[in-house]
Amino acid sequence: MATTVTSTNVGAKKEIDRGGGPRFPGPNGNGSRKRNGSGDPLFEQRSSAARYRIGTWVAVASIAMLFTALTSAYIVRAASAQDWRPLAMPRVLWLSTALILFSSITLETARKSLKQLFEAAYVRWLSLTAILGVGFLMSQLFAWRQLARQGVYLASNPHSSFFYLLTATHGLHLLGGLLAIVYLLFRKRRPRADELAEARRLAHADAVAIYWHFMDGLWIYLFLLLFLWRSQ
């Protein structure tokens, strides 16, 4: 018995000297190391979701800083410009606003369907969100065409310059969100997906939802800024 204990202790010491840690039974009964939670499916799910959310919030903060700078320039220019002429708002922008608001609702419904493992509903609502996003971008282009027919171009006056700049910048960022939604559509559930893969899929959907809702709120802000602030 003394020999057995001594051999076991020596073996454990060698294992520690090689940099190994204590082994725990894995899913198949084999030994597997855990260090600071690594290897734990629940830990991996939470850390993966946290990484995606943090990355998305960093992107959102960067975009918010960009539009804050543009807003400051807009307000200063509007206060000092003698040639500032308010634009006649194209009515199609009301349609744009309705489309992007409804798209946030459909995306949130899709995300909840994914959490409840309703795959068909998830794909259906996510597809509808993509269609609404395309409709928003098309309505923005139509608004540009309406202004062009009225003789209002980028260099017509400071207000028109900011209108094209702000809506184009927002549209480009929204296009990025639309591409992310298309990515989610192609990333369909695999027949034998494990828990970690499903957790990552849900984390992707959460990150895209955060970004898309921000784009929604940003458009409402720009709409109010461009057509209600100093509208007289």
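Reckoned from all heavy atoms, side chains included, excluding hydrogens, waters and symmetry mates. Since the model is a prediction, treat every value here as computed from it, not as a measurement.
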Candidate pair Leu117 and Tyr122, rule side chain to side chain contact (heavy atoms under 4.5 Å, CB included), full reasoning: CA-CA 8 Å; Leu117 302 179; Tyr122 168 69; over 6 Å; no
Check the pair Leu166, Phe67 against side chain to side chain contact (heavy atoms under 4.5 Å, CB included), reporting the backbone distance first and the verdict last. CA-CA 8 Å; Leu166 290 171; Phe67 278 92; 4.2 Å; yes
Could you walk me through whether Phe163 and Leu147 pass side chain to side chain contact (heavy atoms under 4.5 Å, CB included), step by step? CA-CA 10 Å; Phe163 171 81; Leu147 290 176; 3.2 Å; yes
Carefully, step by step, assess Trp57 and Phe214 under the rule ring-ring contact (aromatic ring centres under 6.0 Å, His included). CA-CA 10 Å; Trp57 281 116; Phe214 172 74; 8.1 Å; no
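By the 4.5 Å heavy-atom criterion applied to side chains, Thr56 and Asp206 are not counted as neighbours. When side chains are defined from C-beta on, Val182 counts as touching Phe186, because their heavy atoms get closer than 4.5 Å. In this structure, the side chains of Leu93 and Trp219 come closer than 4.5 Å at one or more pairs of heavy atoms. Contact check for Tyr74 versus Leu226: side-chain heavy atoms found under the 4.5 Å cut-off. Residues Leu222 and Thr167 are not in side-chain contact: their nearest non-hydrogen atoms beyond the backbone lie 4.5 Å or more apart. Taking 4.5 Å as the limit, some side-chain heavy atom of Leu175 sits within range of a side-chain heavy atom of Leu137. Contact annotation: the side chain of His173 approaches that of Leu66 to within less than 4.5 Å [non-hydrogen atoms, C-beta and beyond]. Looking only at side-chain heavy atoms (C-beta outward), Leu132 and Ile100 stay at 4.5 Å or farther from each other.
Residues Phe162 and Ile75 fall within the same hydrophobic cluster, defined by Ile, Leu, Val, Met, Phe, Trp and Tyr side chains chained together at heavy-atom separations under 4.5 Å. With hydrophobic clusters built from ILVMFWY side chains whose heavy atoms lie under 4.5 angstrom apart, Leu99 does not share a cluster with Ile131. Under the 4.5 Å side-chain heavy-atom criterion for Ile, Leu, Val, Met, Phe, Trp and Tyr, Leu107 and Phe118 are members of distinct hydrophobic clusters.
Taken to the nearest 0.5 Å, the CD1 atom of Ile105 stands 9.5 Å off from the NE2 atom of His213. In this structure, Gln150 CD and Ser156 OG are separated by 10.5 Å, a value rounded to the nearest 0.5 Å. In this structure, CG on Leu184 lies 10.5 Å from OG on Ser127, to the nearest 0.5 angstrom. The line from CD1 of Ile181 to OG of Ser103 is 7.0 Å long, rounded to the nearest 0.5 Å. Distance check, rounded to the nearest 0.5 Å: CG of Leu126 to CZ of Arg111 gives 12.0 Å. The line from CD of Glu108 to OG of Ser113 is 10.0 Å long, rounded to the nearest 0.5 Å.
The aromatic rings of Trp94 and Phe223 stand perpendicular to each other, their planes meeting at an angle above 60°, with 30° marking the opposite boundary. Relative ring orientation between His170 and Phe136 is described as perpendicular, the plane-to-plane angle rising above 60° on a 0-90° scale split at 30° and 60°.
Thr129 and Trp212 form no side-chain donor-acceptor contact under 3.5 Å, judged by distance and modelled atom types alone.
Between the side chain of Tyr153 and the backbone N or O of Ala148 there is at least one donor-acceptor pair closer than 3.5 Å.
For Ala180, the side chain to side chain contact (heavy atoms under 4.5 Å, CB included) partners two or more places apart in sequence, or in a different chain, are Val208.
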